[in-house]
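Below is one structure, written out as structure tokens, with a few remarks after it.
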Amino acid sequence: MRIEDPLLCPSAVQGMETNVFPTKRGKLDLTIEQIGLDRLWMSRYEVNLPQIARFAVRPGRRSISFLPQLEGPSIQHCGMDVAPGDIVIDKLDVLQHQRTGANHRYCGMSLPDDELSAALATVVGADFLEKQLATRVVRPRPELMSRLLKMHQTAGELARTTPDVLESPELRRGFEQQMSYLMVRCLAEGAGIETTAGRRRHDAIIARLEDYLAENSDRAIYLTELCAATNVSERTLRSACEEHLGMAPIRYLTMRRMYLVRRALLRADAAKATVTHIVTNYGFWELGRFSVAYRTLFGELPSETLRRPAQDPDVHLIRPTTLPAEVIVGRLH
């Protein structure tokens, strides 16, 4: 499936709530392939623009993610550098942030929570299991990670070019068993990268910030409110935001409000609403400067967005709860 509007991203990924905020002007081109076997789900992503991705894993599954090659630039996950060959263990019900550059590719895998826990416990024991799943980033042995990447790539190629091959129950079962085993070995035998006390503190600050933003999702929020809500000074909040988001809190708030304005413009009836009313409702008072900034980010004037047919961008992609063995093509309803 291909996505050109960031507002369509929240429902696009199976088992995950995702928001994408491009940080550079341009037309978004996000390609998502989702491959479902029986219990194992896999996904492959490619996006053209640099971005901040904000996501949370939905309950019921354990998810990991990684770069699709063993060389190349790192990305930032919750303020940590994630290099090629590293595995990110995505935390359940915890909002996470990832910063990436242009022309970024990424991979994911997930198993039902009980199945991954049982497999890890079988291989390494329950005590080690809890310690390993408390880690954010794991660095597997290169030879194991190389095998995982090759099999993940093979799954994508098969699903894209010859999906009929994966319709065989026996082949699907064997492929799933091998992929799951490699996934478990990479986690079990990898070296966990320690999280410092300072980073854990910043994690907590960003979590409070995002909780507050979620509770006030439809209105403009200002820096003094965020400092009070997170119970830290502006300097500390700035440090945490720079680490996790790659930008100061003022810029993050401004970008967030710009996306809220765009959502409101797309939902509005041009015969009844005005750009001035919508823009000022989200705290932008210098309309000329706002129009320039809006066009820089979205490639069109606010008035052009308003004139589009009214739409609700909170759509959902139709997907079965158990994916068939093929690339899932998203359909909007």
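When reading the values below, keep in mind they use all heavy atoms of this one structure, side chains included, and skip hydrogens, waters and symmetry mates. If you're wondering where the values come from, they're calculated on a predicted model, not measured in any experiment.
The distance from atom CE of Met145 to atom CG of Leu182, rounded to the nearest 0.5 Å, is 10.0 Å. Between the CD1 atom in Ile52 and the CE atom in Met255 there is a gap of 4.0 Å [rounded to 0.5 Å]. With rounding to the nearest 0.5 Å, the separation of CZ in Arg172 from CG in Leu40 is 12.0 Å.
The aromatic rings of Phe298 and Tyr259 sit perpendicular to each other, their planes meeting at more than 60°, with 30° as the lower class boundary.
Remark: the backbone N or O of Leu116 is not paired with any side-chain donor or acceptor of Arg62 at under 3.5 angstrom. A donor-acceptor contact shorter than 3.5 Å links the side chain of Asn48 to the backbone of Lys27. The main-chain N or O of Pro142 is never found under 3.5 Å from a side-chain atom of Ser146 such that the two would form a donor-acceptor pair. Of the possible donor and acceptor atoms, one in the side chain of Glu304 sits under 3.5 Å from a partner among the backbone N and O of Leu301.
Of the candidates Val232, Ile221, Leu253, Leu226, Leu226 is the only one forming a side chain to side chain contact (heavy atoms under 4.5 Å, CB included) with Leu209. Checked options Asp86, Val137, Leu149; the residue passing with Phe66 is Leu149 (criterion: side chain to side chain contact (heavy atoms under 4.5 Å, CB included)).
In this structure, Leu67 and Tyr106 have side chains that are in contact, with non-hydrogen atoms separated by less than 4.5 Å. Considering only heavy atoms from C-beta on, Arg99 stays 4.5 Å or farther from Ile75 through its side chain. Arg44 has its side chain within reach of Gln153: a pair of non-hydrogen atoms, C-beta onward, lies under 4.5 Å apart. Counting only heavy atoms from C-beta outward, the side chains of Val138 and Ile64 never approach each other to under 4.5 Å. Between Pro68 and His152, every side-chain heavy-atom pair lies at or beyond the 4.5 Å cut-off. Contact of the Ile35 side chain with the Arg160 side chain is not registered, since no non-hydrogen atoms from C-beta on lie closer than 4.5 Å. Within the 4.5 Å cutoff, side-chain heavy atoms of His244 are placed close to those of Asp203. Here the side chains of Thr254 and Phe284 are in contact, with some heavy-atom distance below 4.5 Å.
Counting only N and O atoms by type, the side chains of Gln51 and His104 include no donor and acceptor under 3.5 Å apart.
Applying the 6.0 Å contact sphere to CZ of Arg199 captures more than 12 heavy atoms from other residues, nucleotides or ligands. For Arg201, the CZ atom counts as loosely surrounded, since its 6.0 Å shell holds 12 or fewer non-hydrogen atoms of other residues, nucleotides or ligands.
Look at Arg147 and Glu143 and you find no salt bridge, because none of the NZ, NE, NH1 or NH2 atoms lies under 4.0 Å from a carboxylate O.
Applying the side-chain hydrogen bond (donor to acceptor under 3.5 Å, both in side chains) test to pairs two or more places apart or on separate chains, those with a residue in residues 174-186 are Arg185-Glu189.
Figure legend: cation-pi geometry between Arg54 and Phe21 absent, as NZ or CZ is not positioned both under 6.0 Å from the six-membered ring centre and within 45° of its axis.
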Next item on the list: Take Leu223 and Leu237 through the side-chain contact (heavy atoms from CB on, under 4.5 Å) test and state the conclusion after the steps.
Entry: CA-CA 9 Å; Leu223 183 59; Leu237 181 60; 3.9 Å; yes
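By the side-chain hydrogen bond (donor to acceptor under 3.5 Å, both in side chains) test, Thr305 is found to be paired with Arg262, Tyr294, Glu300, residues two or more places apart in sequence or in another chain being considered.
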